[in-house]
Amino acid sequence: MTQRSSVLQAARRAPLAPRWPKKVASTLLTMAVTVLGLLFVTFMIGRVMPIDPVLAVIGERATQAQYDATFRELGLDKSLVSQFFIYVRDVLHWDFGTSIRTGQQVSTDIARVFPATLELATLGTLIGVIIGVPLGVVAAVYRGSWIDQTARVVGLVGYSMPIFWLGLMGLLIFYGILGWVAGPGRLGVFYQGVVPTVTGLMLIDTLLAGEWTIFKDAFSHIILPASLLGYFSLAYISRMTRSFMLEQLNAEYITTARVKGLSEWEVVWKHAFRNIRIQLITVIALAYANLLEGSVLTEIIFAWPGLGSYITTSLLSNDMNSVLGGTVVIGTIFVALNIFSDLLYRFFDPRAK
Amino acid sequence: MKMTDPSTLRAWLLAEAPTSRRQARASAWYVGWLNLRSNTLAMAGLIFLALLLLAAVFAPFLASHDPFAQDLGARLLAPGTDGHLFGTDSLGRDIYSRVLYGARISIYIVLLVALVAPLLGLIIGTVAGYAGGWLDVVLMRVTDIFLAFPRLILALAFVAALGAGIENAVLAISLTAWPPYARIARAETLTIRNSDFIHAIRLQGAGPVRIVMRHIWPLCISSLVIRVTLDMAGIILTAAGLGFLGLGAQPPSPEWGAMVSEGRKFILDHWWVATVPGLAIFSISLAFNLLGDGLRDVLDPKEGGA
């Protein structure tokens, strides 16, 4: 007993609060190092590619003098190390260079197309969470039942499905055959440019402008790609929810709760579910990051004018500044979400010590 | 046990007390196989993959047409017309034969990635785990950095820099796929490193290279194999995605992702052009997922049923 109480005292003495800043600092440092690594990789990709960056700017017919001037202007006469530092400095100043394809700053381009991707991925994650979490919980509670089997099949199919092909099939069935939704694109032709851009999110902008008809049109365009993306996050979320719930339901405190005579509803939702909330949030953050990436292929199928379409179109026209800029933006968000979920987990789950 | 004649091989394999190292090893494999065989879904996946492998090997005998032969008079024929089982594409090529030959490309890509990425991870992970110290810290930090990257986007950027093509796609996927293997290999190495038999070998005068390659690598293989099988579907989907974007195998090669991309133009009027190769991608990755799940249940019982 004495030993135990001394442990307890030690635990009480250990100050909880002062450790937080240290943790935050180390997490931020991790993130900074990771983003620096990301920049290093994109920088190297930009250096090893077989395209001459000078010719890409000035064209084939420039004189040698022009070539040399641009060569110096782009900083290519400096050492690789200082070039890398210049690159990092520019990126930190939100400068990715000029896009050869659009003739604009890559950062301006990205700011323009990003809301479309954000809207799609957010709606997709919402759909995945709203269906996936209850499905996972029910599958765990009725382990081995037909619901559990269904959840398993839904997951396996989701993990095995080529996202671009599912998009095509969805378009064929719901647009081509059934005519339930609108086709590719973000808005019908007649509504383009009618609604002023406020947030860049079409569903919100149309509501702000009070354009109910256009809202319905936008919704009809977004619902199919968002549902398909939602299906992929559903597959992941429901599977993780199920395995977290199983872990809880097998714990002794659940037996205690049942013995106390609590209703099954209270046991499942008030006891077990409450304990997996933090884990769930980390999973949802990861699912969200995956959707941002997964939207690349979906955007192409649905002609969705987002970051994914932007990167691939630039890729096919050898516009490396845009490709690398887009990669850095998606990569940084990805890293941030990853680290955010890790941080959340370590802060709020006392078991993760 | 309904077996009428007790098979001696079976008895030898299931012996309670194996008398030789070879018997013990064979016995372990046999018991694992029995477990796997009782898992219906995993067996379905395995059988499908075996059939697919056979189909790829014997594609010239099974194909009804030349996969590259164009016949503009027979463009976009519906499935079943004129002996075209799955119809024809926009250049009049037989889709069935192309899907069959496409299996070769997919298997080629998957095998290459499944060799390169785990090998890379194995080397990095075991070196980090065995050497320890600053080398471990640096290598694991690099691994974490790569692990935090979005894989498809990074593969896209790699292929963009290296140029489109199958080999570059393989390289790009491998460069983004190795970190999980490095983590696994390092974890295994850490548990093995201080075991008695490694100390014994070291006392016999074995150097670090020999210890890592001859004694640590073999023990890492089984966990890597499970992970690779589970990752196969992801590799196929990434490769098909690159093909779909026009960054993988180049036309006229019958790569499934590229075939879907081609069929995309006709999706509303001639659905089969994109549907059939897409189904092929779906079935092969589903088969790998089923097999991977089953293997994990067999080889790693603590994860089972999750």
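As a basis for the values below, the full set of heavy atoms in this structure was taken, side chains included, without hydrogen atoms, waters or symmetry mates. Residue numbers start from 1 in every chain, and the chains themselves are labelled A, B, ... in the order their sequence lines are given, proteins ahead of strands.
- With a 4.5 angstrom heavy-atom cutoff, B:Asp293 touches chain A only via side-chain atoms.
- In this structure, CG on A:Leu168 lies 8.0 Å from OG1 on B:Thr275, to the nearest 0.5 angstrom.
- The backbone N or O of B:Ala274 sits less than 3.5 Å from a side-chain atom of A:Trp165, completing a donor-acceptor pair.
- Proximity to chain B (any heavy atom under 4.5 Å) is restricted, for A:Phe164, to the side chain, taken from C-beta onward.
- Chain A forms more heavy-atom pairs under 4.5 Å with one residue of B:Leu156, B:Val159, B:Asp269 than with any other, namely B:Leu156.
- Per-residue heavy-atom pair counts under 4.5 Å with chain A were compared for B:Gly234, B:Gly241, B:Ala233, and the maximum is reached by B:Gly241.
- Only the side chain of B:Phe244 comes within less than 4.5 Å of a heavy atom in chain A; its backbone stays farther off.
- Residue B:Phe146 touches chain A through its side chain alone, counting heavy-atom pairs closer than 4.5 Å.
- Only the side chain of A:Met169 comes within contact range of chain B, with at least one heavy atom under 4.5 Å from a heavy atom of that chain.
- Heavy atoms closer than 4.5 Å to chain B are found nowhere in A:Val35, neither backbone nor side chain.
- Neither the backbone nor the side chain of A:Leu337 comes within contact range of chain B, judged by heavy atoms closer than 4.5 Å.
- Residue B:Ile284 does not touch chain A at all, counting heavy-atom pairs closer than 4.5 Å.
- Looking at A:Thr312, only its side chain comes within 4.5 Å of chain B, counting heavy atoms on both sides.
- How far CG of A:Leu172 is from CD1 of B:Ile267: 5.0 Å, rounded to the nearest 0.5 Å.
- A:Leu297 CG to B:Leu245 CG: the interatomic distance, rounded to the nearest 0.5 Å, is 5.0 Å.
- Heavy-atom distances place both the backbone and the side chain of A:Val335 under 4.5 Å from chain B.
- Counting heavy-atom pairs closer than 4.5 Å to chain A, the top-ranked of the candidates B:Ser283, B:Pro277, B:Ser285 is B:Ser285.
- When the candidates A:Ile300, A:Leu324, A:Val323 are compared by the number of heavy-atom contacts under 4.5 Å with chain B, A:Ile300 comes out ahead.
- To the nearest 0.5 Å, atoms OG1 (A:Thr42) and CD1 (B:Ile153) are separated by 12.5 Å.
- Taken to the nearest 0.5 Å, the CD1 atom of A:Ile163 stands 9.5 Å off from the CG atom of B:Leu237.
- A pairwise comparison of heavy atoms in B:Leu286 and A:Leu156 identifies CD1-O, 4.0 Å as the closest pair.
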